[in-house]
Amino acid sequence: MHEPATKPIMPKLPGPARLLHGGDYNPDQWLDSPDVLAQDIELMKKAGVNCVSLGIFAWAKLEPEESRYDLDWMAAIIDNLYDNGIYTILATPSGAKPNWLAHRYTEVCRVNRDGQRELPGERHNHCFTSPVYREKTRAINTVLAKRFADHPGVILWHLSNEYNGECYCSQCVDAFRLWLREKYGTMEKLNHQWWSAFWSHTITDWNQIYPPVPYGEKNVHALTLDWKRFVTHQTVDFMRQEIDALRAVCPDMPVTTNLMGFYPGLNYFKFKDDLDIVSWDNYPQWHTGDDVETAMVTAMAHDLMRSIKGEPFLLMESTPSMTNWQPFSKLKRPGMHMLSSMQAIAHGSNSVQYFQWRKSRGSSEKFHGAVVDHCGHGNTRVFRDVAELGSRMADLGFVADTAVRPDVAILYDWENRWAIDNARGPRNSGMHYVETVTDHYRPLWEMGINADIVDMECDLSRYKLVIAPMLYMYRAGIEQKLKDFVSGGGTLVGTYWSGVVNENDLCFLGGFPGGGMDEVFGIWAEEIDSLPDGQTNALVLESDRSVRYPVSELCELIHTRGAQVYATYERDFYAGMPVVTQNSYGNGEAWYLAAKADPAFLREFYRKLALARGITMAIDADLPHGVVASLRKGTSDLVFLQNYNNQDAIIMLPTTMKNMETGEAERTPVLGPYELMILEL
């Protein structure tokens with residue numbers, strides 16, 4: 001664990017414009033066009049840009065030959081930006097290695113899952129284990145730090161770019177074996193935790209271990225799980241070495257790296273102790289389906305990124321118009337750029353930044369959206385949208401004094417996801433773990449209830465309500481955390497397929513949910529029924545047998561051990577068995593949902609829980625469909641009203657509220673299509 005920066009973590013610009021607005025800037029592509037570089041500065045000022053990310057893919061320009069560095073061009077760019085009131089987030093360039101490096105030292109190129117060494121080219125394809133790549137990265141990072149750490153215009157380090165991927169070279173295999181020896185200590189313990197006696201796969205020498213690959217072992221679930229853990233470990237270890245090089249020169253400048261939301265390949269909670277600030281890249285597919293659904297999924301991703309450190313984050317990349325790599329390069333409709341950008345701020349971001357500032361003339365992202373198009377001027381719809389947002393953000397400095405502080409946490413755990421996705425059964429056509437987490441998030445978002453998205457290693461003590469969908473794996477002492485949380489007065493909601501295995505995917509003995517959680521829920525689970533797509537059962541409320549809701553996909557057969565039955569199954573051979581239960585435990589209560597419930601049930605269920613537990617809503621009002629509210633707390637509590645409909649929405653506020661941007665009193669505001677309003681609570 002590295003010491004954090006000693007200066008204030010979140011960069012704060014002087015004056016009222018305290019939120020960052022800008023994007024990825026790649027002047028290294030235009031060094032032979034000084035007129036373009038001069039034009040960039042003038043256009044940035046017109047667009048209200050106060051910060052850019054610089055040098056992300058510039059290694060070949062910074063070190064054109066091994067150990068020959070050319071930083072003067074970058075110094076001139078940073079100076080010019082600063083002289084014009086624009087600050088720099090300076091990147092380490094490890095995300096894309098120069099060709100000379102890949103050709104001279106082939107070991108830095110990854111080996112893929114089929115055992116083939118990749119040729120030079122592409123990006124994000126270096127070996128994180130390679131001593132050569134680590135040394136070359138350390139060298140360039142040190143040179144950058146020595147040259148620019150004290151520059152007043154440089155406010156934040158941007159580590160690499162979208163760390164991802166894995167390598168299967170011999171160095172990575174050796175490192176994996178060493179990681180396993182350090183984790184398990186003895187081969188006997190590893191064999192027991194991997195249950196390797198099954199199919200006679202007992203390991204008698206550490207060198208018999210290989211990563212899970214198509215042409216080798218891929219059915220020892222603990223092996224696959226440990227490999228994924230190792231990939232995260234090795235990525236974080238590489239990142240730490242990048243940080244070490246910077247800290248050795250400038251210990252007081254904060255660091256960030258751009259994450260990718262629910263990207264499945266890395267456990268992002270393992271990054272939190274080394275990063276001073278979390279930032280991420282957000283690319284929703286607006287207007288290709290239901291914009292309200294897209295807004296909800298995007299909101300949950302913002303909440304996940306904020307929850308990693310429990311602090312304001314930075315939106316490091318977004319597109320001001322469209323992408324060129326998604327199935328459809330759909331343009332943002334009028335108003336959507338403003339709304340989608342402000343959505344990030346509503347959920348805790350202190351920035352809106354773009355990929356990219358100016359479109360590249362060639363290569364793979366020449367048609368990716370940018371603030372400045374190939375036409376090279378600001379007389380475009382997209383540029384005007386960006387300039388409008390920049391002008392608005394310049395007056396929102398007061399937002400930087402607020403933060404999102406939820407009463408509710410939803411447990412989403414990457415390692416649990418890996419284990420569920422790799423298991424054989426009970427539903428191989430799709431267990432839908434992330435989708436199930438989303439199902440439980442949706443009614444909270446609709447009601448304007450902020451939620452943190454946390455993993456099993458996070459502290460749960462400050463929440464009123466913890467929701468733990470499909471907590472198949474118990475790790476990091478989560479059983480005791482949940483027991484302490486409930487006995488201390490908290491409300492826990494658990495679901496089917498929980499407490500089935502330990503951290504190494506070994507099934508608990510003695511019944512599910514294991515780890516003593518059967519006492520907390522007051523139930524035990526005997527079997528689980530997998531329903532084909534389109535097949536349903538139903539739950540019937542005990543309080544009113546005329547009220548029923550569909551259930552689908554998975555139906556667990558449970559027995560009560562002290563829990564009160566809230567609803568039962570309607571049909572099949574388990575008709576009348578409990579499906580929703582409530583159990584008192586200590587000073588709190590634990591609910592158990594034994595089947596995948598319909599959204600209508602979850603909406604009503606969480607509405608009643610929120611009212612009963614006094615959970616804070618952004619606004620106590622019945623909002624029209626597609627209109628949601630988010631709350632940031634501080635000196636002033638701010639409500640962000642957002643309309644994701646392509647039509648006007650009339651809002652009936654519970655009381656007169658102040659519009660923070662106009663100063664006017666609002667009671668029945670009308671939000672236009674894709675419009676947002678900030679009110680003082």
Side-chain angles (χ1 to χ4, degrees), residues 24-30 53-66 91-141 158-173 175 211 213-214 227-228 231-232 234-239 241-242 257-261 263-266 280-281 283 316-317 319 323-327 329 355-356 358-370:
D24 282 17
Y25 183 37
N26 302 298
D28 44 296
Q29 298 177 18
W30 303 93
S53 301
L54 190 63
I56 295 172
F57 299 122
W59 195 339
K61 280 288 195 295
L62 295 167
E63 190 180 3
E65 298 175 4
E66 186 173 11
T92 64
S94 64
K97 57 189 178 293
N99 269 327
W100 63 259
L101 175 56
H103 278 274
R104 184 167 299 174
Y105 304 101
T106 56
E107 70 160 63
V108 306
C109 297
R110 284 182 185 167
V111 171
N112 63 28
R113 294 184 73 226
D114 293 323
Q116 184 178 38
R117 176 82 65 180
E118 296 180 359
L119 294 174
E122 297 294 329
R123 59 173 181 151
H124 303 313
N125 56 357
H126 46 274
C127 173
F128 286 126
T129 304
S130 165
V132 171
Y133 201 70
R134 289 183 175 224
E135 172 55 28
K136 294 303 178 184
T137 300
R138 183 202 62 79
I140 186 67
N141 290 0
H158 182 309
L159 301 168
S160 195
N161 181 71
E162 295 179 343
Y163 289 117
N164 70 84
E166 50 203 70
C167 177
Y168 294 82
C169 73
S170 59
Q171 293 180 116
C172 287
V173 173
V213 292
W227 171 255
K228 290 180 179 296
V231 170
T232 290
Q234 207 70 347
T235 304
V236 171
D237 189 65
F238 178 85
M239 182 184 74
Q241 294 209 13
E242 290 217 60
T257 192
N258 49 335
L259 308 179
M260 296 179 286
Y263 168 69
L266 295 170
W280 85 288
D281 300 346
Y283 293 101
M316 187 60 72
E317 288 185 24
T319 176
T323 66
N324 74 323
W325 48 266
Q326 291 173 333
S329 298
F355 182 85
Q356 49 193 324
R358 179 184 287 271
K359 282 186 178 179
S360 170
R361 284 199 68 187
S363 201
S364 66
E365 291 180 309
K366 63 182 179 292
F367 297 128
H368 192 291

- Close side-chain approach of Cys172 to Phe128, heavy-atom, < 4.5 Å: no
- On a heavy-atom basis, the closest approach of Cys169 and Cys127 is SG-SG, 3.7 Å
- Task: Could you give me the CA-CA distance, side-chain angles and deciding distance for Gln356 and Asp24, then say whether side chain to side chain donor-acceptor pair (under 3.5 Å) is met?
- Result: CA-CA 5 Å; Gln356 49 193 324; Asp24 282 17; over 6 Å; no
- Task: Please assess Thr137 against Gln241 for the test side chain to side chain donor-acceptor pair (under 3.5 Å), listing each intermediate value before the final yes or no.
- Result: CA-CA 9 Å; Thr137 300; Gln241 294 209 13; over 6 Å; no
- Item | Derivation and outcome, side-chain contact (heavy atoms from CB on, under 4.5 Å), residues Asn161 and His124 | CA-CA 8 Å; Asn161 181 71; His124 303 313; 3.2 Å; yes
- residues 119-137 vs salt bridge (Lys or Arg N to Asp or Glu O under 4.0 Å), sequence neighbours excluded, gives Glu66-Lys136, Arg134-Asp237, Glu135-Arg138
- What do the steps show when you test Asp28 against Phe57 for side-chain contact (heavy atoms from CB on, under 4.5 Å), and what is the final call? CA-CA 9 Å; Asp28 44 296; Phe57 299 122; 5.6 Å; no
- Task: Taking the side chain as every heavy atom from C-beta outward, state whether Asn112 and Tyr168 have any pair of such atoms under 4.5 Å apart.
- Result: no
- Task: Any chance you could lay out the side-chain contact (heavy atoms from CB on, under 4.5 Å) test for Leu101 and Trp59, step after step, and finish with the verdict?
- Result: CA-CA 10 Å; Leu101 175 56; Trp59 195 339; 3.8 Å; yes
- Item | Close side-chain approach of Glu365 and Phe355, heavy atoms under 4.5 Å | yes
- Please name the residue in the list Glu107, Arg110, Gln234 that meets the side-chain hydrogen bond (donor to acceptor under 3.5 Å, both in side chains) test with Thr129. Gln234
- Expected output: side-chain Asn258 to main-chain Glu162 donor-acceptor under 3.5 Å: yes
- Can any side-chain N or O of Ser329 pair as donor or acceptor with the backbone N or O of Thr323 at less than 3.5 Å? yes
- Item | Heavy-atom closest contact (Asn164 atom, Leu266 atom, distance) | CA-CD1, 4.2 Å
- Judged by modelled atom types alone, do Trp227 and Glu166 share a side-chain donor-acceptor pair under 3.5 Å? yes
- Polar side-chain atom of Asn26 near backbone of Gln29 as donor-acceptor pair, under 3.5 Å: no
- Query: Which pair of non-hydrogen atoms, one from Leu62 and one from Pro93, has the smallest distance, and what is that distance?
  - Reply: CD1-CG, 4.4 Å
- Query: Going through the distances and angles, do Asn125 and Lys97 end up as a side-chain contact (heavy atoms from CB on, under 4.5 Å)?
  - Reply: CA-CA 9 Å; Asn125 56 357; Lys97 57 189 178 293; 2.6 Å; yes
- Message: Under 6.0 Å between ring centres: does that hold for Tyr283 and His368?
- Response: yes
- Item | Centroid-centroid distance, Trp30 to Tyr25, less than 6.0 Å | no
- Task: State whether the side chain of Asn324 and the backbone N or O of Ser364 hold a donor-acceptor pair below 3.5 Å, judged by distance alone.
- Result: yes
- Nearest heavy atoms of Ala370 and Arg358, plus distance in Å: CB-C, 3.9 Å
- Message: For Gln171 and Ser130, which I'm curious about, is there any donor-acceptor pair between the side chains at under 3.5 Å?
- Response: no
- Determine yes or no for a side-chain-to-main-chain donor-acceptor pair under 3.5 angstrom, with Thr257 supplying the side chain and Leu159 the backbone. yes
- Task: Report yes or no: does Ser160 contribute a side-chain atom to a donor-acceptor pair with the main-chain N or O of Tyr163 at less than 3.5 Å?
- Result: no
- Give a yes or no answer on whether the side chain of Ser360 reaches the backbone of Gly362 with a donor-acceptor pair at less than 3.5 Å. yes
